[in-house]
Number of protein chains: 2
Amino acid sequence: MARQVGVSAITVSRALRSPEKVSAALRERIRLAVAELGYIPDAAARALASGRTDVIGVLIPSVTNNVFADVLSGIYAGIEDAPFDVQLGNTRYSGLQEESLLRVFLSQKPAGLIVTGIDQSEEARALLSTAQCPIVQIMETDDRPIDMMIGFSHYAAAGAATAHLVERGYRKLGFLGARMDPRTQRRFRGFRDTAEAAGVFSKTRVITTPAPSTVTLGSRLFADLVERAPDIDGVFCNNDDLALGVLFEAQRRRISIPAELGLCGFNDLEMMATAEPSVTSVRTFRHEMGQRAVVMLIEAIQADLARSPQVVDLGYEVKARGSTAR
Amino acid sequence: MARQVGVSAITVSRALRSPEKVSAALRERIRLAVAELGYIPDAAARALASGRTDVIGVLIPSVTNNVFADVLSGIYAGIEDAPFDVQLGNTRYSGLQEESLLRVFLSQKPAGLIVTGIDQSEEARALLSTAQCPIVQIMETDDRPIDMMIGFSHYAAAGAATAHLVERGYRKLGFLGARMDPRTQRRFRGFRDTAEAAGVFSKTRVITTPAPSTVTLGSRLFADLVERAPDIDGVFCNNDDLALGVLFEAQRRRISIPAELGLCGFNDLEMMATAEPSVTSVRTFRHEMGQRAVVMLIEAIQADLARSPQVVDLGYEVKARGSTAR
DNA sequence: TTGTAGGCGTTATCAG
DNA sequence: CTGATAACGCCTACAA
């Protein structure tokens, strides 16, 4: 340690953390020594001695998914220059992984935690409830928050998209779904209930798979759908990757969008507005969600509120575009 | 701590880390107590006492970029059940951010480090060289590895793509580039040198911008390019997002691909093969890169090799598809 | 198989 | 403004 340098000990600690409490002379000598020795304080010792860390743990189910990439960039934007480090955990849509990561995170006594969704296992909820830090659940809303919560209703959003297709006169609606995690299932229910209410639902026009979403998969599912239900005139996709696959497959089959087929995606990825034709989608506020989640978290941390229930509904927006313009 | 429970102390530590060294009876009692108290060992204390951690730090320049998402999923695959946690840092293409994150990571005395690229600042290289752990640089290859390195030559890959366009008879080649970080610039040089050698290079057909790549930006850049050089008959894009934007814009302008325009992207995202027409791209082995990077790292960690220079070149592959099929 | 002693590098607390 | 002392909770080494 830099104690050799001058004739100090804890002063180094002070010089580093609150320079104003140390005389200019010492401060300078210490600064030089630190630079020379390449001294970097030991995070573990600091955490142990102070009993706190500046880690914000973030648990998301996928790193390959654009949706979470946007949330993440919002989180980084929200952190800005706040003195916190985000530590990312990838649960890979697995409850077991989530529990295991939770244990890892909790062992670090994080300053705060951001977790995805409302479908934690009992075990995970138990772990979370023992956490000595504020927690934000993101991506969804419901009335059973562990602590804070920010998101939107996937059920309502999917319902609105479906209503839009109906309103545009599409009657033989199909649903394409991949991955089928709990969020996706809520979207499906939103579709089904709205379609049923409008009298346009048919089980034969629903195709789902547990496989992860890709554009290629969208093309394949749509090909299946067309064979199974040739009279289909509208498709609501679980997400935009699938929708893009449908767009390409429809082009290949010379099925005209929007004249013969209405197409609606979900998430409103950037590319949907640029596609030809542009694709209707449900816009969600992912960046804002990530950003506000950290901001809420940091406020709770700084206010020393270990638990301060609150639910923020960010809503959604059906962006009507060329693919449903008839 | 759980010492109250039985009549033990360090035995708890052993029961948790190497259960076989503790009698079945005690092990069981401890297991119960742990479950009941929700006891989770303190990571900081453990790190401080043992002088080591099982953290693998990963520094990438972007979380919103599919390219790094794939690398990451490879990393997670490579970690599998190995007893390491990955900690992610997002440098956001900033050298300063990278240095700062490096300091944070090094303060945790990580077991290993994965960093992106070969363009670290002097300061960053200095920090890295003081690290007491193995390091893997990913995404590129060169002859100046800090420790281990796995990637490919962006220069050569872009050259090969360009050669492919030339071979297919395209002569008025253009280049579209966004972000223009060092890797992108090497790709540009690969394009330029190859195009010049073939006598088909023209500066007026090159458009670049520091803005980040999006599909929409691809459409815009292509629109500019067509106005500036109406005789253009081939485009090499910096990446697939731009290429997809070109595809859509060409459709809007009724420019036929591949008859009137040859199009080649870079990265070979999954969607390129499904697009209509399918889009030629340069495939890179991102998942494998991430996976092998951790595997190399873990081997070095376990062999206790603090430094074991080696460079792995994963190569690339020009995937010729419909968009250059004439 | 279990326990004891000592210390990891930092910070809180209280003196000087 | 600076320093001494005592933890923080766990692990290594050695002993019983």
Side-chain angles (χ1 to χ4, degrees), chain A residues 1-34 37-55 83 85 103-111 130-133 304, chain B residues 1-34 37-55 83-85 103-111 130-133 301 304:
Chain A
M1 48 220 75
R3 284 81 208 261
Q4 319 303 67
V5 194
V7 270
S8 19
I10 184 189
T11 311
V12 174
S13 170
R14 279 200 272 257
L16 261 34
R17 290 180 306 152
S18 17
E20 75 283 2
K21 298 182 133 190
V22 169
S23 69
L26 264 187
R27 204 188 310 152
E28 183 57 11
R29 271 166 60 198
I30 291 173
R31 205 186 53 70
L32 284 174
V34 163
L37 302 180
Y39 168 78
I40 297 178
D42 183 317
R46 168 172 290 177
L48 184 58
S50 68
R52 28 168 265 87
T53 67
D54 41 18
V55 169
D85 297 318
R103 255 181 273 273
V104 173
F105 278 21
L106 290 176
S107 78
Q108 331 229 41
K109 307 216 190 308
T130 71
Q132 295 303 306
C133 66
D304 207 21
Chain B
M1 47 216 72
R3 282 83 211 259
Q4 317 304 65
V5 194
V7 271
S8 19
I10 186 191
T11 311
V12 173
S13 169
R14 280 200 272 256
L16 262 32
R17 290 181 305 152
S18 16
E20 75 283 2
K21 297 181 135 191
V22 169
S23 71
L26 264 188
R27 203 188 310 153
E28 182 57 13
R29 272 165 61 198
I30 290 172
R31 205 185 54 71
L32 285 174
V34 164
L37 302 181
Y39 169 78
I40 296 178
D42 184 320
R46 170 172 290 176
L48 183 57
S50 68
R52 30 168 264 88
T53 67
D54 41 18
V55 170
F84 294 97
D85 296 318
R103 254 179 274 273
V104 172
F105 278 23
L106 290 176
S107 78
Q108 330 229 40
K109 306 213 188 309
T130 70
Q132 295 304 306
C133 66
I301 292 168
D304 209 19

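Numbered from 1 within each chain, the chains take letters A, B, ... in sequence-line order.
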Between [X] ([atom1]) and [N] ([atom2]), how many Å, whole number?
X         : N       : atom1 : atom2 : answer
Arg17(B)  : dA13(D) : CZ    : P     : 11 Å
Lys109(A) : dC10(D) : NZ    : P     : 8 Å
Ile10(B)  : dA15(D) : CD1   : C1'   : 12 Å
Leu26(A)  : dG3(D)  : CG    : C1'   : 11 Å
Lys21(B)  : dT2(C)  : NZ    : C1'   : 12 Å
Arg29(B)  : dT1(C)  : CZ    : C1'   : 14 Å

Indicate yes or no: at least one non-hydrogen side-chain atom of Phe84(B) is less than 4.5 angstrom from one of Ile301(B).
->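 Yes. Closest side-chain heavy atoms under 4.5 Å.
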
So, Arg27(A) side chain and Ala15(A) main chain: donor-acceptor pair closer than 3.5 Å or not?
->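 Not a single qualifying donor-acceptor pair exists.
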
When you measure from the side chain of Thr53(A) to the backbone N and O of Lys109(A), does any donor-acceptor pair fall under 3.5 Å?
->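 Checked: pair present.
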
Strictly below 4.0 Å: does [X] bring a side-chain N or O up to OP1 or OP2 of [N]?
X        : N       : result
Ser23(B) : dT2(C)  : yes
Ser13(B) : dC11(D) : yes
Tyr39(B) : dG9(D)  : no
Ser50(A) : dC8(D)  : no
Arg14(A) : dT2(D)  : no

Measure across Ile30(A) and Val12(A) and return the closest heavy-atom pair with its distance rounded to 0.1 Å.
-> CD1-CA, 4.1 Å

When every non-hydrogen atom of Asp54(B) is compared with those of Pro83(B), the smallest separation belongs to CB-O, 3.0 Å

Positions of residues 40-49 of chain A (non-hydrogen atom under 4.0 Å from DNA chain D), listed by number =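 Contacting residues: Leu48(A), Ala49(A).
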
Counterpart residues, side-chain hydrogen bond (donor to acceptor under 3.5 Å, both in side chains), relative to Arg31(A) (two or more places apart) =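 Arg31(A): side-chain hydrogen bond (donor to acceptor under 3.5 Å, both in side chains) contacts with Glu28(A).
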
With Arg17(A) via side-chain hydrogen bond (donor to acceptor under 3.5 Å, both in side chains) - residues at least two apart | Ser13(A)

